[in-house]
Amino acid sequence: MHRLSFLKALAILPFASAMNLHDIHKTATSFPKSEKMPVLFIGHGSPMNALEDNPFTRRLKQLGREIRQRQMPHAILVVSAHWLTRGTFAGINARPETIHDFGGFPQELFAMQYPAPGAPSFAQSIIEHVHDVHGSDEWGLDHGTWTVLHHLFPEANVPVFQLSLDVTKSMQQHFDLARQLQFLRERGVLIVGSGNIVHNLRQSMPKLMMGDATPYDWATEFDEWVKAKIDQRDFASLVNYQQLAGGSGQLAVPTTDHYLPVLYSLGLADKDENITHTFEEVSYGGLSMRTFMAG
């Protein structure tokens with residue numbers, strides 16, 4: 001893990017905000033209601049997608065155009081696989097930094113910036129309305145966020161903030177927390193879960209080294225199992241995948257960090273709301289790029 005990511009993920013402490021709460025006189029619930037914004041889950045894959053022109057990045061560009069034509073978001077909240085903390089934190093930075101939380105990639109990738117403003121008033125609304133969420137300025141926009149927003153909103157003109165993943169919470173607690181964020185959708189906030197349904201880099205590295213994009217059978221099996229449960233709206237099975245998915249689940253999700261954003265995107269979906277699979281691919285052995293949208 002990149003040193004910055006490692007230190008901030010493990011050493012972050014509850015943040016005592018220096019902000020004067022009276023200065024943030026608006027919370028999201030006081031903002032005018034808008035048409036309900038969609039919710040995305042994006043299988044973000046390699047950071048190199050920020051630079052590449054491929055079917056996945058072209059689909060992201062198209063999704064961004066569709067969302068902007070429908071309604072320009074007031075802000076974007078990203079739940080990224082790459083901000084892991086003890087406790088749950090919302091980013092309150094007015095100008096979040098672009099974090100290059102990876103190594104071994106071309107300098108062109110490290111030179112990329114995503115200079116979107118932050119959304120401290122929306123972050124504060126979560127802190128005030130959702131139990132046990134704290135503010136933090138110890139993180140910016142990691143590659144789970146900016147590499148996909150670079151294609152969705154290339155002008156970087158929409159305020160962006162992140163919500164961390166509490167490593168001490170159970171799967172059910174993450175799902176339940178997502179439910180509490182639904183009010184943001186009616187205040188113009190586009191919420192994005194960014195991870196990967198199947199994410200086993202150890203098993204994928206040999207294929208990556210050989211340039212072999214074919215998936216393992218267990219990776220396709222788990223990806224299709226998740227798709228079926230989404231289509232059946234059987235979210236309880238997805239929360240409890242460790243008990244229900246068998247051996248393919250253990251291989252597909254060796255650690256939960258990239259899977260947890262799936263639960264946030266599903267927890268934010270309304271009952272019977274249409275969920276569309278906007279991109280489907282399992283490549284390089286054990287990496288699912290499945291992307292879906294609710295609403």
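Counting from 1, the numbers follow the sequence of the chain as shown.
- At distances below 3.5 Å, not a single donor-acceptor pair connects side-chain atoms of Asn240 with backbone N or O atoms of Gln243.
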#### Entry: Worked check of side chain to side chain contact (heavy atoms under 4.5 Å, CB included) between Val78 and Trp83
CA-CA 10 Å; Val78 181; Trp83 190 16; over 6 Å; no
### Message
The test is side chain to side chain contact (heavy atoms under 4.5 Å, CB included); show your working for His74 and Arg187 and say whether it passes.
### Response
CA-CA 8 Å; His74 296 155; Arg187 267 72 187 186; 5.7 Å; no
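- Within the 4.5 Å cutoff, side-chain heavy atoms of Ile67 are placed close to those of Leu40.
- A tilted orientation is assigned to the rings of Tyr259 and Phe222, their planes being inclined by 30° to 60°.
- Not one N or O on the side chain of Thr220 forms a donor-acceptor pair closer than 3.5 Å with the backbone of Asp217.
- Note: His44 and Trp146 fail the aromatic proximity criterion, with ring centroids not under 6.0 Å apart.
- Taking 4.5 Å as the limit, some side-chain heavy atom of Pro106 sits within range of a side-chain heavy atom of Met48.
- Val198 and Tyr284 fall into different hydrophobic clusters, where Ile, Leu, Val, Met, Phe, Trp and Tyr side chains are chained together by heavy-atom contacts under 4.5 Å.
- Judged by distance alone, with hydrogens and angles left aside, the side-chain atoms of His174 form a donor-acceptor pair with the main-chain N or O of Asp166 at under 3.5 Å.
- When side chains are defined from C-beta on, Tyr241 does not count as touching Val226, because their heavy atoms never get closer than 4.5 Å.
- A perpendicular orientation is assigned to the rings of Phe292 and His277, their planes being inclined by more than 60° (bins at 30° and 60°).
- The side chain to side chain contact (heavy atoms under 4.5 Å, CB included) test with Leu77 is passed by exactly one of Val192, Ile126, Leu268: Ile126.
- Taking the six-membered ring for Trp and thresholds of 30 and 60 degrees, His100 and Phe102 have ring planes more than 60 degrees apart, a perpendicular arrangement.
- Asn93 places a side-chain N or O within donor-acceptor distance of the main-chain N or O of Trp139, the cut-off being under 3.5 Å.
- Using a distance-only test at 3.5 Å, with no hydrogens or angles considered, no donor-acceptor pair links the side chain of Asp270 to the main chain of Glu273.
- Distance CG/Leu165 to NE2/His258: 10.0 Å, rounded to 0.5 Å.
- In this structure, the side chains of Lys169 and Leu260 stay at 4.5 Å or more apart for every pair of heavy atoms.
- Side-chain contact annotation: Asn157 with Glu155, donor-acceptor N/O pair under 3.5 Å present.
- Atom-to-atom distance recorded for Ile275:CD1 and Met293:CE is 11.0 Å, nearest 0.5 angstrom.
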